[in-house]
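Have a look at the structure below, then the notes.
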Amino acid sequence: MTEPALGTSPGRVNLVGEHTDYNDGFVLPIALGHVARVEATPRDDGRVLISSAQLGESVELEELSPGPRAWWGYVAGVLWALRQRGHALGGVDLALDSAVPLGGGLSSSAAIECATALALDALAGLGLSPAELAEVAQAAENDFMGVPTGPMDQRASLWCTTDHALLLDCRTLTPEQVPFALPDDLVLALVDTRSPHVLADGHYAQRRRACASAAEALGVRALRDVTPADLPAALSRLTDDEQVRRVRHVVTENARVLDAVAALEAGDWASFGRILTASHASMRDDYEITVPTVDLAVETALACGALGARMTGGGFGGTVIALLPVGSLDSFADALGAAYAERGFAAPGLSTTRAAAGGIELSAAR
């Protein structure tokens with residue numbers, strides 16, 4: 001029998017560039033140190049057994065078909081996507097063990113999908129390219145699970161490299177590695193706001209439809225084609241106030257991504273921080289995807305001396321990132337706990353992160 005194969009891939013933090021990916025725009029994620037691991041072991045009865053170490057659950061499948069489903073669909077969907085592409089994969093045990101926080105806007109689903117893709121690729125000796133692995137993982141999310149996400153998450157989980165952010169052009173899917181090694185006096189804090197977000201609840205799809213209809217009204221392929229210089233004229237042509245707000249966010253957010261890259265390349269952390277804060281304001285006011293727990297975390301971070309702070313992920317809860325002086329981390333933790341308690345919110349979680357290795361870099365290192 002073929003030996004088991006292991007795939008490992010991380011979650012991601014999107015530094016800036018929210019809801020730009022499905023508008024053919026730009027994003028700037030880093031990989032987390034938290035990873036999902038999937039071990040694939042062949043079986044000769046044609047069945048598929050999927051288990052989760054975290055949930056203590058397993059499911060055995062005889063057939064794979066797209067549609068709404070539970071946690072195991074993110075694993076099964078990758079096997080389905082590979083079979084759809086003509087790869088003759090038979091029965092297999094797929095054991096999942098993930099440390100990526102669920103519902104925090106850190107792409108736990110993409111981490112699972114990418115780890116599964118790497119495991120099955122290794123098990124069957126498929127030799128898939130990085131681009132093919134990302135396509136398979138995204139197909140699991142979009143076509144099997146029915147979640148209409150853009151191309152960022154799976155490529156970030158696979159393609160990010162240590163001490164770099166990934167500038168991804170979501171139209172051409174061209175990646176560029178941008179240095180992201182924090183100086184000794186700064187730290188990137190992650191705040192778990194204890195407000196899980198859910199992309200499948202309709203809010204995400206609603207905003208995606210608004211962007212598509214606005215692009216059609218403006219006569220462009222995607223909102224990426226509206227430049228900041230074009231924005232005033234473009235907004236004047238829209239009669240729907242919701243479309244005006246959504247377009248304004250996407251166009252200015254694309255510009256913020258490119259400005260962030262320039263700031264990082266220049267080592268200008270103060271400018272980078274201001275870009276984070278501006279991005280959050282746009283998500284709050286124009287894209288309307290923040291919630292009180294998220295806004296409070298950002299406000300508290302800024303009051304504690306953060307260079308910048310913003311929500312990361314699809315919205316309606318999730319995680320806040322804050323670029324803080326190292327010496328402010330403890331006072332921020334205290335202030336954050338007090339602010340949440342005063343508002344009656346559940347106590348938030350606080351950790352720090354750096355730009356870690358993506359799944360392909362992890363796979364190559366083994």
Side-chain angles (χ1 to χ4, degrees), residues 1-13 29-43 47-61 64 69-82 89-124 126 128 133-134 136-138 140-141 144-145 147 153-160 162 190 192 196-199 313 318-319 349 351 353-366:
M1 176 179 284
T2 304
E3 291 295 316
L6 179 67
T8 303
S9 203
R12 63 98 186 98
V13 169
I30 60 172
L32 279 175
H34 302 79
V35 301
R37 293 179 172 85
V38 174
E39 184 174 76
T41 305
R43 52 190 295 165
R47 297 194 176 193
V48 177
L49 177 68
I50 303 172
S51 61
S52 166
Q54 280 65 49
L55 299 176
E57 297 179 9
S58 63
V59 60
E60 189 168 357
L61 308 171
L64 303 179
R69 65 197 73 251
W71 61 269
W72 51 265
Y74 295 106
V75 179
V78 175
L79 179 59
W80 172 85
L82 286 168
L89 295 166
V92 64
D93 287 344
L94 294 163
L96 167 65
D97 186 1
S98 179
V100 184
L102 299 175
L106 301 176
S107 287
S108 57
S109 60
I112 292 168
E113 292 153 357
C114 293
T116 305
L118 287 166
L120 290 172
D121 178 65
L123 183 72
L126 301 179
L128 298 181
L133 287 165
V136 166
Q138 186 182 353
E141 181 115 1
F144 193 79
M145 292 298 291
V147 182
D153 293 346
Q154 292 78 15
R155 287 157 185 85
S157 184
L158 287 168
W159 297 354
C160 282
T162 304
L190 300 180
D192 180 351
H197 82 151
V198 181
L199 291 186
T319 297
S351 60
T353 192
R354 55 185 284 272
I360 288 175
E361 185 178 347
L362 289 167
S363 178
R366 286 199 298 272

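Residues Leu61 and Trp72 meet the side-chain proximity criterion, which asks for heavy atoms closer than 4.5 Å. Contact of the Gln154 side chain with the Cys114 side chain is registered, since non-hydrogen atoms from C-beta on lie closer than 4.5 Å. Between Leu158 and Ser9, some side-chain heavy-atom pair lies under the 4.5 Å cut-off. When side chains are defined from C-beta on, Leu123 counts as touching Pro42, because their heavy atoms get closer than 4.5 Å. In this structure the side chain of Ser109 reaches within 4.5 angstrom of the side chain of Glu141, judged on heavy atoms. Counting heavy atoms from C-beta on, the side chains of Arg37 and Val35 come closer than 4.5 Å. Within the 4.5 Å cutoff, the side chain of Val78 has no heavy atoms near those of the Val38 side chain. Proximity of Leu94 to Leu120: side-chain heavy atoms (C-beta onward) are separated by under 4.5 Å at one or more points.
Expressed to the nearest 0.5 Å, how far CD of Gln138 lies from CZ of Arg155 amounts to 5.0 Å. Once rounded to the nearest 0.5 Å, the distance linking CD1 of Ile50 with OH of Tyr74 reads 13.0 Å. Rounding to the nearest 0.5 Å gives a distance of 10.0 Å between OG1 of Thr41 and CG of Leu49. Remark: Leu126 CG to Leu82 CG distance equals 6.5 Å, nearest 0.5 Å. In this structure, OG on Ser157 lies 9.5 Å from CG on Leu32, to the nearest 0.5 angstrom. Of the inter-residue distances, the one linking Ile30 atom CD1 with Cys160 atom SG reads 7.5 Å to the nearest 0.5 angstrom.
Closest non-hydrogen pair, Ser51 versus Trp71, comes out as C-CH2, 3.8 Å. Scanning both residues, Met145 and Ala70, for their nearest heavy atoms gives CE-O, 3.8 Å. Pairing each heavy atom of Gly11 with each of Ala111, the nearest pair is N-CB, 3.8 Å. A pairwise comparison of heavy atoms in His34 and Ala99 identifies CD2-O, 3.5 Å as the closest pair. Residue Ala117 comes nearest to Leu133 through the heavy atom pair O-CD2, 3.8 Å, listed as atom of the first residue, atom of the second, then distance. Taking each heavy atom of Arg12 and Gly105 in turn, the nearest pair found is NH1-O, 2.9 Å.
Panel note: side chain Ser52, backbone Leu55; a donor-acceptor pair is recorded below 3.5 Å. Using modelled atom types, one side-chain atom of Glu361 and one backbone atom of Thr162 make a donor-acceptor pair closer than 3.5 Å. When atom types are taken as modelled, the side chain of Thr116 and the backbone of Ile112 share a donor-acceptor pair closer than 3.5 angstrom. Judged purely by atom type and a 3.5 angstrom limit, Ser108 has no side-chain atom pairing as donor or acceptor with the backbone of Val100. Between the side chain of Thr319 and the main chain of Asp192, no donor-acceptor pair closer than 3.5 Å is present. A donor-acceptor contact shorter than 3.5 Å links the side chain of Asp121 to the backbone of Leu128.
Residue pairs meeting the salt bridge (charged side-chain N to carboxylate O under 4.0 Å, His left out) criterion with at least one member in residues 90-103, sequence neighbours excluded, are Arg43-Asp93.
Scored by the ring-ring contact (aromatic ring centres under 6.0 Å, His included) test, Trp159 finds no partners at all (sequence neighbours excluded).
Looking at Gln54 and Ser98, their side chains never bring a donor and an acceptor atom within 3.5 Å of each other.
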